[in-house]
Amino acid sequence: MGPFSRRTILQGGALVAAGSFLPAFARRALGASDAAGPGRRKTLVFLFLRGALDGLFVVAPTDEPRVATLRPALALPPPKGATKTTPPSLLDFNVPGFGLHPALEPLLPLWREGSLALVHAVGSPDSSRSHFDAQDYLELGTPGVKSTPSGWLARALGKTQLQSRSPLDAVAVAARLPRSLQGGPDALAFANLDQLRLRPMAGAPGGPTGRTQSQTSFEALYQHAPEGAVATSGREAFAALEMLEKKLGRSAPPPSADYPRNPIANSLRQLAQLIKADVGLRVGVADAGGWDTHAAQPGVLNNNLGQLAQSLAAFHQDLGARAADVVLVAATEFGRTVRQNGANGTDHGHGSVAFVLGGNVNGGKLHGRWPGLADDQLYEGRDLAVTTDLRSVLAAAAASQLGTRDVPALFPGFSGIALPDLMRS
Amino acid sequence: MLRKVLLVLVLVLVVAGGCSRHARKDVSPELGREVADAAAREAALRDPAAGLLLSEGEQLEHVLSRTSFGARPGDTERVRRLGIAGYLEQQLHPEELDDSRVEAQLRDYTVLRRGAGPLAHELSEQRKERQEADRQKAATEAAAEAARPHQDTGPVTASQAAQSFAAPEPAARIPLAQSGPVATPPVVEPAASAQHAVERLPASGAAQVPARRGQELRRAPGRAGRGPGFDYVADLSEAKLLRAVSSGRQLQEVMVDFWFNHFNVFAGKENEPALLPDYEEQVIRANALGSFADLLMATAHSPAMLVYLDNRLSSSTAPPRQPGRSSAWVRERKPDPARKGKPNVPPKRGLNENYGRELLELHTLGVDGGYSQHDIIEVARCFTGWTVDQPNEDPRFVFRAALHDDGEKRVLGQIIPAGGGESDGLRVLQILLNHPSTAKFIARKLARRFVSDDPPEALVTRIAATFARTHGDIRSMLRTLFESPEFWSRRALRAKVRSPLELVAGSVRALGGTIEDPLALARAVARIGEPLYGAQPPTGYADTAQSWISSGALLARIDFGLQLANGQLDGVQVDLKPIASGTPGPEDVLQRAVIRLGAGELSSETRSYVLGQLKDGPCKPGLLAARAVGLLLGTPELQRR
């Protein structure tokens, strides 16, 4: 830190209690106790497939005769082999009675090596088919109750035993902090890591020196701002900036995988970067949209599922050895109607599918219980029923990654347990 | 006696109104001259804990902060002269305000006037060419890489093309979508290009300012990944920014922003870029201060909404009643060159619940408004046949009886008899307009925009009563707001966090900026987290601070302030001379900058810290002024309105 900021600090400090204007930067530097920073940690990543993904399209039953009559435009022929064929058919992923959508081919190696599991007929006990409501319920972890003051990941993090807090304990790659992380320990949200920098002020030197000056100035400004959402965000932002600078430095190493160019990959690449840099990340959240397929579902999902699969595969490869420390759950707010609608799409439904990827995952298995598609087996006569509460999937992942085994504390009002057998330990 | 007096009063008002303003169709009386003062006094009496009543200066600041995108230099004085009531009445009647200057600026934006037909036609032609080029490219590549495994993400197949009149436009092809958030579905290459558009912003320092102007970049043909609809949405975004910054009809612009978000349509779907200009001009702006009933009607009939929420694809599941008509439907279709050589099969029939659901949940009743899944299906049945004629050539609303479910329906307890045809949908809209949940839902949303994130229930109730009394007259609801003690309470002062658009437009307004390239501002709005026309979910953007503010977005806000003050926002100049003129010391510069930015009361900590940074800063007055403005724009105080 140059003489510039030092002088500034003294000027400011003279007006309040001496030294209290020191930015967190400087104070921590003076304390210099946690120079090593957080080390290797276990991380839980939640990828929210917002928009209601059609689980029946992803993992399609092959011996349910009703599929062909209820959704003729959405049904693919049963597997003909392990690779893609023309015309496309479902992929054989070694689960009798089901085929995997061919766009998910990039995930087959992860499935075979046992790091990817799927859970079918998973979802919420609440009957809402409103995106708005159902996304809230999922993020709060309390289906049917909107008054819950905190998100489920915020509670999970709050229950986690941490040796030392990191400003990067919880990160959402999103323009706004998702509800799942609100109401708990500080969490950081950013759309892009590159966004986390300030340009030099007028009259300041250019380059890193000027940027650091800007950062120091605004950090001090926000340190003493009156309480409120703005001030809190500011303080979190500057603490995180400091940690990032310490861990990532000026130039981050390139990822060790070829990510496709799409928003999901962009988010996962950044989370992988944080995990590999040992910034102390325990919870990462990202969004992936584009599943609300009321029309032209085959084309839209073929593309979007392909993007998802390529992104997940790249994430896993990029993590390398650290994949052992990471579990990613990708889930959606509800599924879609079994019957296709008038536009070769589907409307809002109930049960869907969840992806669970990572080192400790009991993969290569389709978890859950198949409810069937006969009229009396459908939920409200139209949708895939829910036989596995998504909360038991999330509880299993949280227990594995964050050590939080108190399910009722994580999900108030939930009497279920963590899904057995989903995790290796 | 009282009744007599009222009658006379009404007569006088009617006569007075009739003499002076023929154009007006006001349902509620004009605001009283001392409305602000009286309401502020009542607020202080009713709620002493809130603090002192607002001073005149605070009243002026407050009213400008809520009814405009932020005060420009001189605005406060102007409103003081007019009187607050006079100013508000003026703003409530934008048609009487001369706005020729900004209208002249908008003359170049032909996209606003060309109409959906020519735009849709041009867009579909461009897309066909591009698809053809893509196909050829793919064929060449496929031949070259025959050995590699088959990829299935190629061009749209024939069956998909038959289902949708245009290949779904990937979200990221809209100019300002940013990477990451909910708003962008995953897509192949265009995602990266939109990200690229945002990343073209100089990260820091003048050296990194791109040599080419944004205008040129945008007009440069064949720029990688730029989709065919890009220009329309870019022009529309520019027009929105120009109006937000320069229009004198500020309240109208605020309401356009509000209603667009309420009746959100996403530019990334199908051929929305061609439909959005008409939607914003004819549907939203034309009714922004009119009647909610008209607004609801207009959105329900708009091709933009019918495409966005898929109602155009919704039809009865039952076979049509008159067998002769089913082939008539096919005959009505204009031959589509893209379908040449393909069998002319009518699309599959079936109900689509998307519009029905969002109409209830987001446009009228609200999510807790008291409807069931059954109501959604019944509403969707009522709207079957409300579709778009010639979506690619001359998109217009059309009712097709052959697609309509003509059976009896029951919506929110009311029977809609069989055989109603097109009127079924109108009946539904009427039921919704008369429903108390709609009044409450709209009232709460307005109070949230104009008062605070968690508005007092009593205020919501009063606005809802005005809604019910006036059948949703927007001006009347706003008058109820402006004469309420809750609006003039100290609790409401600077209680709102500025949205990204408000922050960007407001900063430029405060600094008397001149705009050469409005797209630079639109890009800044996107970077702060809310790309214009880029909200994918039908909810639009959340209207509370909690969801706006995140660490990353806050840094983007601070950085925007620095960029603007430093003169690094390419295509936008701010006028710092009034702050820098003469040889001012740091105190003078700070004082002038605070006034210029309408920063009101800075906390003593902020003030002393900023002053320290100025004393420590550059000597040149211009740089000193820029530093003061850059610092102030980034303070917590300036994030609020």
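In this text the structure is predicted, and so the values were computed from the model without any measurement.
In this structure, the portion of B:Ile377 lying under 4.5 Å from any heavy atom of chain A is its side chain and not its backbone. For a residue to count as touching a neighbouring chain, one of its non-hydrogen atoms must lie under 4.5 Å from one of that chain's; by this rule B:Thr635 touches chain A with backbone and side chain alike. Only the side chain of B:Asp310 comes within contact range of chain A, with at least one heavy atom under 4.5 Å from a heavy atom of that chain. Contacts between B:Val629 and chain A at a heavy-atom distance below 4.5 Å are absent for every atom of the residue.
The closest donor-acceptor contact from the side chain of B:Asn566 to the backbone of A:Gly203 lies at 3.5 Å or more, if one exists at all. B:Asp559 places a side-chain N or O within 3.5 Å of a backbone atom of A:Arg199 that can act as its donor or acceptor partner. Within the 3.5 Å criterion, the main-chain N or O of A:Met201 finds no donor-acceptor partner in the side chain of B:Arg627.
In terms of heavy-atom proximity, A:Thr216 sits nearest to B:Tyr609 at O-OH, 3.8 Å. Annotation for A:Val230 and B:Pro636: closest pair CG1-CA, 3.9 Å, computed over non-hydrogen atoms.
Results of the side-chain contact (heavy atoms from CB on, under 4.5 Å) test with A:His294 over B:Leu309, B:Leu313, B:Asn354 single out B:Asn354 as the only residue that passes. Here the options are A:Phe218, A:Phe238, A:Phe190, the test is side-chain contact (heavy atoms from CB on, under 4.5 Å), and the partner is B:Leu555; only A:Phe238 passes.
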Show your working on salt bridge (charged side-chain N to carboxylate O under 4.0 Å, His left out) between B:Glu353 and A:Arg382 and close with a plain yes or no.
-> CA-CA 13 Å; B:Glu353 298 167 12; A:Arg382 51 180 264 162; 2.7 Å; yes
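Between the OG atom in A:Ser217 and the CG atom in B:Leu562 there is a gap of 9.0 Å [rounded to 0.5 Å].
A 4.5 Å side-chain heavy-atom check between B:Glu361 and A:Arg129 finds every atom pair outside the cut-off.
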